[in-house]
Amino acid sequence: TKRLEQSNLRFVIRNGEQLTVTDHEICVGDIVAFNSHMASIISCDGLLLTGQDVKCDESALTGEPEPIAKSALEKPFMISGTTVNSGAGTFLVVAVGESSIAGKIKKDVYGAAKEEPSPLYGKLDIMANRIGKVGLVAATTSMIAILIHQYGIEGSDDYGHIIDIFLQTIGILACAIPEGLPLALVIALALTSNKMSDQNNLVKTLNSCETMGSATTICTDKTGTLTTNRMTVRSAYIDGVLLDVVGSEPVGPRLRSEHAIASERKQLLGECVCCCTMDESGFTYKEGIVEFQGNPTECALLKMAEELGYEYRIVRESIPGRAQESLERGFCKVFSSARKMMSWTVPLAQGGFRVYAKGASEIILARCAKRIDHGSSVDITDKEIASLSRDVISKFANLAMRTIGIAYKDVSQADAQSLDYSILNSDGTPAFSCETGLTLIGIVGIEDPLRPEVAPAISRCFRAGIDVRMVTGDNLETAIAIAKGAGILDLELHCGPDGKPLPKRAMEGKVFRRQVNDYNEEGEAVLNQEKFDQVWPYLRVLARSSPDDKLTLAKGLRGSNLFQDRDACRGLWNEEKIFIFPDRQVVAMTGDGTNDAPALRNSDVGFAMGIAGTQIAKDAANIILLDDNFASIVIAAKWGRNVFDSIQKFLQFQLTVNISILTFNVICAIAGEECPLTVLHLLWLNLIMDSAASIALASEPPTDALLHRPPVNRNDFIITKQMMMNMIGIAAYE
């Protein structure tokens with residue numbers, strides 16, 4: 001570890017001198033140099049001083065998949081635990097160690113925490129106390145009855161039998177307690193954790209297996225858990241042809257086989273995408289699975305180009321001015337937040353230049369003078385622009401897709417610095433002339449698609465009485481669209497006639513914090529449980545959530561006693577059809593980022609992502625999802641309920657025998673008859689029955705019927721009325 005730390009060297013300026021130090025030696029006030037190649041991991045908090053095209057991947061903290069552009073004036077904060085995707089620069093260190101954002105999270109995760117017994121262990125403690133009291137009463141009654149008969153009624157003066165009577169009493173007491181219960185519990189948990197690992201649930205703490213069986217609420221991430229965590233081009237408008245979303249499939253294969261689009265237009269689209277993307281963007285195949293590298297949006301476009309038949313590496317190297325050996329013949333205008341687009345100008349073989357451009361669809365459309373329509377280039381009118389905005393861009397955006405415009409133009413001369421003062425960027429600066437007067441190739445819609453197995457899995461959760469809420473760092477519109485597709489937002493229960501969510505069903509983090517928190521004199525947020533109880537029954541989607549929102553949600557749900565207010569629960573059901581579980585909430589929380597770790601630790605069951613999860617999140621979790629799939633959580637719930645059922649079966653079997661033995665011994669003692677079962681018999685029966693039954697009953701596999709009933713109340717006694725009737729009836733028969 002020490003050698004690894006020493007290899008992570010940073011270049012800093014301290015007291016006017018340039019030094020080379022390790023991460024642990026960085027101090028507040030240092031100026032740290034960084035770049036996207038050799039020093040990309042930010043190890044402390046700071047303020048950006050200088051930088052060129054700096055973009056940071058903050059998904060581990062915010063869940064936002066897109067890199068965040070940094071600038072010294074608008075977005076200067078460099079956050080520990082994030083990664084620089086592109087650019088280079090320097091920043092001033094303002095917090096290190098436990099004072100930094102990543103340090104505070106690590107302190108919360110690895111610090112001491114108060115352990116709370118799981119629901120099953122709590123029930124077993126109560127049951128053990130009651131059984132112990134019953135056994136003690138039975139043993140004491142038997143001993144007193146035997147002593148009265150032998151030394152009172154019969155008048156025996158042989159006190160040597162007192163030891164035998166005492167041993168008989170101890171045997172009765174030992175027989176009353178199911179000593180095989182710990183063995184059955186350990187076997188059930190061990191077998192369950194082993195089977196769950198085969199189904200993509202790596203269990204770190206055995207107790208979490210059965211706790212998940214009592215879960216009443218699941219707070220889940222969106223990116224990577226409900227969705228595939230891979231941006232995909234899902235719809236397109238090319239050459240006047242509109243290709244809508246179909247199922248969960250990408251649009252590339254359909255675009256390639258679409259005969260209404262000329263092959264020349266497909267080639268132009270493929271070349272534009274391959275050329276007008278940054279070198280950092282690309283993808284590889286690992287064991288048949290696509291792995292994106294760089295900007296996710298550009299990776300999605302490059303994947304579409306491959307589906308069209310154009311491999312981006314080959315296309316780039318075949319275009320003069322874009323190939324590595326001839327880059328000086330072309331020039332690139334990189335993406336900026338002011339322009340919201342990028343372009344790449346390359347020379348043509350027949351003379352002149354071609355400008356490839358892509359960017360936000362409304363920006364590209366506003367800069368187009370022509371469009372390609374069924375193979376020909378025609379002038380674009382204001383009416384056609386309005387029609388495309390309404391029928392294509394708005395349509396794609398309403399489906400929570402990011403819309404990208406793709407365009408080009410051919411020019412005789414290329415001037416990289418020429419400006420067009422008639423068209424302004426969003427910051428008021430004039431546009432580059434090479435990025436105006438474009439010809440529209442098409443518009444594509446990109447999204448992180450919903451996993452096909454998620455909607456059925458969420459439906460099974462609702463059938464099992466488990467509520468599901470989405471907590472994401474993405475924008476509200478995207479979160480709502482995904483929630484509708486997954487079934488978290490029901491169009492009949494949670495949305496109005498216009499399809500928009502009803503009040504409190506979907507909100508952003510800033511609204512959530514304002515509604516559930518009070519603020520002290522220092523301005524620090526303090527959870528108000530009463531306010532929280534007025535929000536959480538309605539809440540289905542929480543978007544743009546901050547690092548603390550999940551923690552607030554976990555603590556608030558676990559601390560809620562709303563179920564005790566019967567009138568409020570009845571009113572919620574009658575007026576809103578909202579069912580409040582009649583006991584304390586058992587909360588399961590998913591997370592993959594560093595910011596999720598405190599919430600994972602403070603929930604009843606924390607699920608970390610095995611593929612996309614950070615190490616801190618995995619350390620804080622109870623179960624690791626090896627496939628990052630929400631459907632695997634439902635499997636965990638089924639196995640957890642199976643553990644509870646297995647323990648109940650063992651108890652019913654064991655206690656039936658114990659009731660028979662206790663009753664028989666007490667009756668014999670009161671009647672003054674000698675019990676045919678000696679102490680050795682009692683202990684032998686107890687040993688054989690406990691060990692054999694624990695192995696047999698604890699190893700039964702789960703069935704889907706376990707998810708057709710609500711969770712067991714946390715405070716309910718583990719022995720139900722039906723079990724008690726069965727035990728008494730069978731014991732009486734025996």
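In this chain, residues are counted from 1 in sequence order.
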Spacing of Ile458 atom CD1 and Leu226 atom CG [to the nearest 0.5 Å] = 5.5 Å

task = May I ask you to test the Pro501-His494 pair for a side-chain heavy-atom distance under 4.5 Å?
result = no

message = With side-chain contact (heavy atoms from CB on, under 4.5 Å) as the criterion, how do Ile480 and Leu489 come out once you've worked through the C-alpha distance, each side chain's angles and the decisive distance to 0.1 Å?
response = CA-CA 8 Å; Ile480 289 173; Leu489 277 175; 4.0 Å; yes

ask   = Would you call Gln267 and Tyr310 a side-chain contact if the rule is heavy atoms closer than 4.5 Å?
value = yes

key: Validation row: Glu271, Tyr356 side chains within 4.5 angstrom (heavy atoms)   = yes

message = Checking the side chain of Lys333 only, and the main-chain atoms of Ala416 only, is there a donor and an acceptor separated by less than 3.5 Å?
response = yes

message = Show, in sequence, the C-alpha distance, side-chain angles and deciding distance for Phe353 and Leu348, and conclude whether the side-chain contact (heavy atoms from CB on, under 4.5 Å) test is met.
response = CA-CA 5 Å; Phe353 294 84; Leu348 294 174; 5.7 Å; no

task = Using side-chain contact (heavy atoms from CB on, under 4.5 Å) as the criterion, point out the one residue from Val378, Thr381, Ile441, Thr439 that pairs with Arg371.
result = Val378

query = Considering only heavy atoms from C-beta outward, does the side chain of Thr552 approach that of Phe512 to under 4.5 Å?
reply = yes

note = What one should report as the nearest heavy-atom pair of Glu435 and Ser343 is OE2-OG, 2.7 Å

ask   = Below 4.5 Å, heavy atoms only, C-beta onward: do Thr225 and Met609 meet side chain to side chain?
value = yes

request  = Search all heavy atoms of Lys266 against all heavy atoms of Ile261 and return the closest pair with its distance.
outcome  = CE-O, 3.3 Å

task = Enter the distance from Lys340:NZ to Asn425:CG here, rounded to the nearest 0.5 Å.
result = 10.5 Å

note = To the nearest 0.5 Å, atom CD of Glu447 lies from atom OG1 of Thr228 at 8.5 Å

query = Near Gln350 CD, under 6.0 Å, is it more than 12 heavy atoms from other residues, nucleotides or ligands?
reply = yes

message = Centroid separation under 6.0 Å, is that true for the rings of Tyr312 and Phe283?
response = yes

query = Can you check side chain to side chain donor-acceptor pair (under 3.5 Å) on Ser632 and Asp627, steps first, answer last?
reply = CA-CA 8 Å; Ser632 298; Asp627 60 350; 3.0 Å; yes

inquiry  = Tell me whether the count of non-hydrogen atoms from other residues, nucleotides or ligands lying under 6.0 Å of CZ in Phe331 goes above 12.
reply    = yes

task = Verify, without hydrogens or angle tests, whether Lys409 (side chain) and Thr436 (backbone) share a donor-acceptor contact under 3.5 angstrom.
result = yes

inquiry  = Surrounding OH of Tyr421 (heavy atoms of other residues, nucleotides or ligands, distance under 6.0 Å), is the total greater than 12?
reply    = no

query = Do any N or O atoms from the side chain of Thr82 and from the backbone of Ile79 form a donor-acceptor pair under 3.5 angstrom?
reply = yes

key: Close side-chain approach of Lys484 to Leu491, heavy-atom, < 4.5 Å   = yes

message = With a 3.5 Å distance limit and no angle check, can you tell me whether Ser281 reaches the backbone of Cys299 through a side-chain donor-acceptor pair?
response = no

query = Counting only N and O atoms by type, is there a donor-acceptor contact under 3.5 Å from the side chain of Ser389 to the main-chain atoms of Ile385?
reply = yes

message = When you measure from the side chain of Ser235 to the backbone of Leu243, do you find a donor-acceptor pair of N or O atoms at a distance under 3.5 Å?
response = no

query = Do Asp279 and Arg322 sit within salt-bridge range, that is, some charged N less than 4.0 Å from a carboxylate O?
reply = yes

task = Quick one: do Lys303 and Glu307 satisfy salt bridge (Lys or Arg N to Asp or Glu O under 4.0 Å)? Show the steps, please.
result = CA-CA 6 Å; Lys303 187 68 174 68; Glu307 292 164 350; 3.5 Å; yes

ask   = Any salt bridge between Asp549 and Arg513, counting N to O under 4.0 Å?
value = yes

request  = Considering non-hydrogen atoms only, spot the tightest contact between Trp344 and Cys276 and give its length.
outcome  = N-SG, 4.0 Å

key: Val444 and Val251, any side-chain heavy atoms less than 4.5 Å apart   = no

Verdict with supporting geometry, Cys434 and Asp415, side-chain contact (heavy atoms from CB on, under 4.5 Å) = CA-CA 7 Å; Cys434 60; Asp415 187 349; over 6 Å; no

remark   = Residues Ala407 and Leu440: closest non-hydrogen pair is CB-CA, 4.1 Å

inquiry  = Nearest 0.5 Å, please: how far is CZ in Arg254 from CG in Asp244?
reply    = 7.5 Å

query = Given Cys461 and Ile218, is the side-chain contact (heavy atoms from CB on, under 4.5 Å) satisfied, shown in steps?
reply = CA-CA 9 Å; Cys461 284; Ile218 299 175; 4.1 Å; yes

query = Which atoms form the tightest heavy-atom contact between Leu600 and Gly591, and what is the distance?
reply = CD2-N, 3.7 Å

ask   = Taking atom CZ of Arg316 and atom SG of Cys275, what is their separation to the nearest 0.5 Å?
value = 8.5 Å

ask   = Okay, side chain of Arg367, backbone of Ile423: is any donor-acceptor separation there less than 3.5 Å?
value = no

For the student: nearest non-hydrogen atoms of Pro537 and Ile578, plus distance = O-CG2, 3.6 Å

inquiry  = Quick check on salt bridge (charged side-chain N to carboxylate O under 4.0 Å, His left out): which of Lys504, Arg540, Arg505 does Glu576 satisfy it with?
reply    = Arg505

message = Please determine whether the number of non-hydrogen atoms from other residues, nucleotides or ligands lying under 6.0 Å from atom CD of Glu74 exceeds 12.
response = no

ask   = Does the Arg451 side chain pair with the main chain of Thr227, one donor and one acceptor, at a distance under 3.5 Å?
value = yes

message = Nearest 0.5 Å, please: how far is CG in Asn295 from OG1 in Thr277?
response = 9.5 Å

inquiry  = Are Phe432 and Asp420 packed together at the side-chain level, in the sense that at least one heavy-atom pair is separated by less than 4.5 angstrom?
reply    = no

query = Under 3.5 Å, side chain of Asp57 to main-chain N/O of Thr83, donor-acceptor pair present?
reply = no

task = Examine distances only and state if a side-chain atom of Asp628 and a backbone atom of Ile611 form a donor-acceptor pair shorter than 3.5 Å.
result = yes

message = Whether Lys55 and Glu280 form a salt bridge (side-chain N of Lys/Arg under 4.0 Å from carboxylate O of Asp/Glu) is what I want to check.
response = no

